[in-house]
S.K.: 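What follows is a structure written as structure tokens; I'll ask about it next.
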Amino acid sequence: MYLLNGEEKALKSVIKEQRIRIGRGLITITPVSEAGLVSEEDVKKTFESQQKVIDELSVKNESLLKENEELKAKIAELEVDDNKDVEDADSKEVEQTDTKEVSAEDEKATVVQDEKKVSATKTKK
């Protein structure tokens, strides 16, 4: 595929001279928009809009980086302020006062009963 650049009159004369080849289908002329090519103006507009998006994301990224640095500084400050010394007031000794009362009485009652039954039907011979 070729793109023809030049003065309009010169291009028209080239096309007129090649009308026989165009008529026979040896040469085809396709407009740039139909060929899938994009004009320079459209490229510039797209580039400018993408550049705006990139700039906005860059600003957002910078603000997030600043926030990240501030949070790191706060964490470092909290780590410095963290007092890891434990007071000795906490002792592991426990008072040995027993508050449970246990009665000394044995409450179990035993029932003595012979549950074995002997049959009386046996007779001696």
Side-chain angles (χ1 to χ4, degrees):
M1 177 186 297
Y2 294 91
L3 294 177
L4 301 174
N5 291 326
E7 293 180 14
E8 190 175 344
K9 279 187 174 183
L11 290 176
K12 284 183 181 180
S13 67
V14 168
I15 292 172
K16 283 181 186 178
E17 292 171 4
Q18 297 299 324
R19 69 176 181 252
I20 295 173
R21 289 187 176 103
I22 292 171
R24 292 182 183 168
L26 298 173
I27 297 175
T28 58
I29 297 175
T30 307
V32 174
S33 61
E34 290 179 17
L37 301 175
V38 183
S39 67
E40 189 175 337
E41 293 175 5
D42 291 339
V43 171
K44 285 182 181 179
K45 288 179 184 177
T46 304
F47 179 75
E48 288 173 359
S49 67
Q50 293 298 321
Q51 190 62 39
K52 288 179 185 177
V53 172
I54 290 170
D55 291 341
E56 290 172 4
L57 290 174
S58 296
V59 169
K60 187 175 181 179
N61 188 27
E62 288 176 14
S63 67
L64 289 174
L65 286 173
K66 287 179 184 177
E67 184 179 349
N68 190 14
E69 292 299 321
E70 290 173 2
L71 291 174
K72 284 181 181 179
K74 285 182 182 178
I75 289 172
E77 184 179 309
L78 290 174
E79 287 177 351
V80 169
D81 289 345
D82 189 16
N83 187 4
K84 294 184 180 180
D85 296 332
V86 179
E87 297 179 10
D88 292 334
D90 187 21
S91 65
K92 293 183 180 180
E93 295 178 16
V94 179
E95 294 180 22
Q96 296 183 357
T97 56
D98 192 7
T99 58
K100 287 188 176 180
E101 294 182 15
V102 180
S103 63
E105 295 178 19
D106 190 8
E107 294 181 11
K108 289 185 180 179
T110 57
V111 177
V112 179
Q113 184 179 14
D114 193 8
E115 293 182 15
K116 189 174 182 183
K117 295 183 181 180
V118 179
S119 65
T121 59
K122 289 186 180 180
T123 56
K124 291 184 181 183
K125 290 186 184 183

S.K.: Check Lys45, Gln50, Gln51 against Phe47 for a side-chain contact (heavy atoms from CB on, under 4.5 Å) and give me the one that passes.
M.R.: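 Exactly one option meets the side-chain contact (heavy atoms from CB on, under 4.5 Å) with Phe47, and it is Gln51.
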S.K.: Excluding sequence neighbours, so at least two apart, what forms salt bridge (Lys or Arg N to Asp or Glu O under 4.0 Å) with Glu8?
M.R.: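 Glu8 satisfies salt bridge (Lys or Arg N to Asp or Glu O under 4.0 Å) with Lys12 once adjacent residues are dropped.
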S.K.: With sequence neighbours left out, write down each residue that passes salt bridge (Lys or Arg N to Asp or Glu O under 4.0 Å) with Lys44, or none if nothing qualifies.
M.R.: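 Lys44 satisfies salt bridge (Lys or Arg N to Asp or Glu O under 4.0 Å) with Glu40 only.
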S.K.: Could you give the distance from CG (Asp42) to OG1 (Thr46), rounded to the nearest 0.5 Å?
M.R.: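 Rounded to the nearest 0.5 Å, the CG-OG1 separation comes out at 6.5 Å.
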S.K.: Applying salt bridge (Lys or Arg N to Asp or Glu O under 4.0 Å), name anything that partners Lys66, two or more places apart in sequence or on another chain.
M.R.: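 If we apply the salt bridge (Lys or Arg N to Asp or Glu O under 4.0 Å) test to Lys66, skipping adjacent residues, there are no hits.
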S.K.: Do other residues, nucleotides or ligands put more than 12 heavy atoms under 6.0 Å from the CD1 atom of Ile20?
M.R.: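 Not buried by this count: 12 neighbours or fewer within 6.0 Å.
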S.K.: Would a 4.5 Å heavy-atom cut-off, applied to side chains only, mark Ile54 and Ser58 as touching?
M.R.: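 Heavy-atom side-chain distance check passes, below 4.5 Å.
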S.K.: Supply the atom-to-atom distance Lys16 NZ to Ile22 CD1, rounded to the nearest 0.5 angstrom.
M.R.: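 If we round to the nearest 0.5 Å, Lys16:NZ and Ile22:CD1 are 12.0 Å apart.
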S.K.: What are the two closest heavy atoms between Arg21 and Gln18, and how far apart are they?
M.R.: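 Heavy-atom minimum between the residues: NH1-OE1, 2.7 Å.
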